[in-house]
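Order of the sequence lines fixes the chain letters, A, B, ..., with proteins taken first and strands second; residue numbering starts at 1 for each chain.
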Amino acid sequence: MTVAVGMSGGVDSTVTAWLLARQGHEVIGLTMQIWDGSVSLPDEGRSGCYGPGEARDLAFARDAAQRLGIRHITVPLAEAYNRCVLDPFRAAYRAGRTPNPCVVCNQRMKFGLLLDEARRQGIAFDRFATGHYTRTEFDAAHNVQRLLRGVDAAKDQSYFLARLTQEQLRQVWFPLGGMVKAEVVRLAHEAGFSDVAAREESQDFIESESYAPLFDASDNRPGPIVDTAGRALGQHRGIVHYTVGQRQGMGIATGGRRYVQALRPETNTVVMGTREEVFRPGCQVEDVSWIRGTPPPAGTTCRVLLRYHHPGVQAHLEPLTDRAWQVDFAEPQFAVAPGQAAVFYDGEEVLGGGWILPNAGQA
RNA sequence: GCGCUUAUCGUCUAUCGGCUAGGACAUAGGGUUUUCAUCCCUAGAAGCGGGGUUCGACUCCCCGUAGGCGCG
C-alpha cells in the first residue's frame, strides 16, 4: 500500500515513517509549508509550527526522508493556513474567546488541505499516517471508524483530533497510538535516528513566547479590569492578551490569587474573580462534530475535557439545536474558557467535540 | 484649627526590644505542555525623615511629614 506520512522532522513522525516503510509500504513524506513571513517573528531558534524556523524543520524532514529512502514532498499551504487558522484565531480573541488553533489545524489543514493539495499535485496514496498518539478502530457492526485515546496517557493527543470526520478517519493510520513515548524513542535509536531523538522537540503553535506578534497595534486597546462586583482593579493591555482562568501577567495585587473570570469584548472589559468565582456548573457548546457521524442520544452521560490535559469531568448532554448542546458537569469546573474545544469521551473512545460558548447567563 | 489614629518589600500585611524583618499577592527565572490557561519550584524586593531612651530599636518616647477618623 502507498502511505503518505505527515512529517514534521521530529522523532514521532520520523519513527512513524520508518515503521511503515519497514512494514513494506511505499511511504511518501508530506510536510506542510505554512510560513510566509507575513508576521514579524524573529528567528530565535525556538521551534514551533508557525515561524521562520520552518525552513529548519523542513530540512530535518527532508533529511529524514532521504535517510529512510522515501520520497518527500513539501506542500505549500501558507495562504490556506492564514485563511483557515490564523484569521479565525485572531477573530476569536477579538471576540473575547480563546481559540485552539491546533484542533482547527488538524481538522482543516493536516487532515484536510494537505491531502487535497498533495493529491492535486498528482501524488497518489491510499492512506495517510501521522505520529499522533491516538488510535483508530473499525467498528464493523456499525461500519464506522472509532477514535480512541493513545495508550500513552501522558502523550494522548486524541483531544486535538476530536473534530475529524469519518471520511478523514477512514484513510488515516496512527502507528504510534499503541506505544508509549519511551518506546518511540527506543525505536528511533534502533532506526539510526538517535540525532533526531536527541533533538529538542517542540510543537508549539508559533515560534514566540506570546501571541502578541499575531495581532495589530489596534488590538492593544487598554480597558478596565474590574472585579465581579464591578469595582475597578486596574487596566488591561487589550482583551486579546487574556483568557478565562488566567492569573499571571495581570498585574493585579490583592490579598489572594485572582483569575480572569470573563472577557467582555462589548465593553472592552476584563473581569477578575477569586478561584471560586471562576467555577462553572456547565456550558454550552456549538458546532459539535461527532466522530461516528451521528449524535449520541439526548441525556447521554460521558466524560468531557474542557482543554488539553484537563483531567475531564462526567457530564450530561442535552441537545439544544442540531449542532449545539447543553453540557452539565457532575461537578463545577474551573476556567471554562469560551472558544476552547470541549471533547467528549466514552471511556477510551472519542465521541466528538465542539466549541465552548460564552455563558449567556453569567454575563 | 483641636483631638484620636496609622506609617514595614511594587501591593496588602505579620511579629518581636536581639532581625539573617515572615507571609500572601504582584514581578522575574525555571519545570510541566503540540492551543490558551492552570499548577509546581526558585529568586529579587521593605522598616517615611530627624532626634532621644537602651548593651541593643523596626519594635519605646519626642518632633516633623503624610494618610485616615472624629470635632470645627
Could you go through the side chain to side chain donor-acceptor pair (under 3.5 Å) check for A:His241 and A:Asp219 one step at a time? CA-CA 9 Å; A:His241 299 291; A:Asp219 289 311; over 6 Å; no
Could you give the CD-to-C1' distance, from A:Gln107 to B:U35, as a whole number of Å? 14 Å
Please assess A:Arg67 against A:Asp195 for the test salt bridge (charged side-chain N to carboxylate O under 4.0 Å, His left out), listing each intermediate value before the final yes or no. CA-CA 12 Å; A:Arg67 286 155 68 183; A:Asp195 55 329; 2.9 Å; yes
Of the nucleotides B:C39, B:C25, B:U33, which one has an atom closest to the side chain of A:Arg275? B:C39
Rounding to an integer number of Å, can you tell me how far A:Tyr259 OH sits from B:A37 P? 14 Å
With a cut-off of less than 4.0 Å, is there a side-chain N or O of A:Arg257 near OP1 or OP2 of B:C25? yes
Distance, rounded to the nearest Å, where A:Gln246 contributes CD and B:U35 contributes P: 15 Å
Where A:Tyr345 and A:Cys302 come nearest, the two heavy atoms and their spacing: O-CB, 3.3 Å
Taking atom C1' of B:C12 as reference, at what distance in whole Å does atom CG of A:Leu233 sit? 14 Å
Identify the nucleotide, in any strand shown, that forms a Watson-Crick or G-U wobble pair with B:A43, with both distances under 3.5 Å; if there is none, say none. B:U27
Check the phosphate of B:U35 against A:Tyr93, side-chain N and O only, distance under 4.0 Å to OP1 or OP2. Yes or no? no
Checking N1-N3 plus N6-O4 or O6-N4 for Watson-Crick, or N1-O2 and O6-N3 for wobble, each under 3.5 Å, the partner of B:G64 is B:C48
Closest nucleotide among B:U38, B:U35, B:C36 to the A:Thr98 side chain: B:C36
Is the shortest heavy-atom distance from the side chain of A:Leu113 to the side chain of A:Asp116 under 4.5 Å? yes
Would you say A:Arg135's side chain and A:Arg149's backbone share a donor-acceptor pair under 3.5 angstrom? yes
Quick check on RNA chain B: between A:Phe334 and A:Lys110, whose nearest nucleotide comes earlier from the 5' end? A:Lys110
Kindly point out which of B:U35, B:U38, B:U34 is positioned nearest to the side chain of A:Gln248? B:U38
Touch class at under 4.0 angstrom, heavy-atom based, for A:Gly339 against every strand present: nothing
Specify the separation, in whole Å, of atom CZ of A:Phe215 and atom P of B:C36. 12 Å
Separation of A:Arg90 atom CZ from B:C36 atom C1', in whole Å? 16 Å
Applying a 4.0 Å non-hydrogen cut-off, can you work out what A:Arg258 is touching in the nucleic acid: base, sugar-phosphate, or nothing? nothing
Using whole Å, report how far CD of A:Glu209 lies from C1' of B:U35. 17 Å
Under 4.0 Å: is that the gap between some side-chain N or O of A:Arg97 and OP1 or OP2 of B:C36? no
Can you tell me which nucleotide in B:G10, B:U38, B:U35 comes closest to the side chain of A:Ala253? B:G10
If you apply the rule side chain to side chain contact (heavy atoms under 4.5 Å, CB included), what do you find for A:Ile123 with A:Arg71, and how did you get there? CA-CA 10 Å; A:Ile123 313 296; A:Arg71 288 176 73 192; 3.5 Å; yes
Quick check: on RNA chain B, is the nucleotide nearest A:Phe160 upstream (toward 5') of the one nearest A:Ile252, or the reverse? Name the residue that is more 5'. A:Ile252
Taking atom types as they are modelled, is there a donor-acceptor pair under 3.5 Å from the base of B:U35 to the side chain of A:Gln340? yes
Scanning both residues in full, the closest heavy-atom pair of A:Tyr50 with A:Val39 reads OH-CG2, 3.7 Å
Give A:Val103 one of three labels, base, sugar-phosphate or nothing, depending on what nucleic acid heavy atoms sit under 4.0 Å from its own. nothing
Counting heavy atoms from C-beta on, name the nucleotide in B:U34, B:C25, B:C36 closest to the side chain of A:Tyr211. B:C36
Does A:Lys155 put a side-chain nitrogen or oxygen below 4.0 Å from OP1 or OP2 of B:U33? no
Is there a Watson-Crick or G-U wobble partner for B:C69 with both distances under 3.5 Å, and if so, which one is it? B:G3
At 4.0 Å (heavy atoms only), tell me whether A:Tyr242 reaches a base, stays on the sugar-phosphate, or touches nothing. nothing
Protein-nucleotide distance (A:Asn100, atom CG; B:C36, atom C1'), rounded to Å: 8 Å
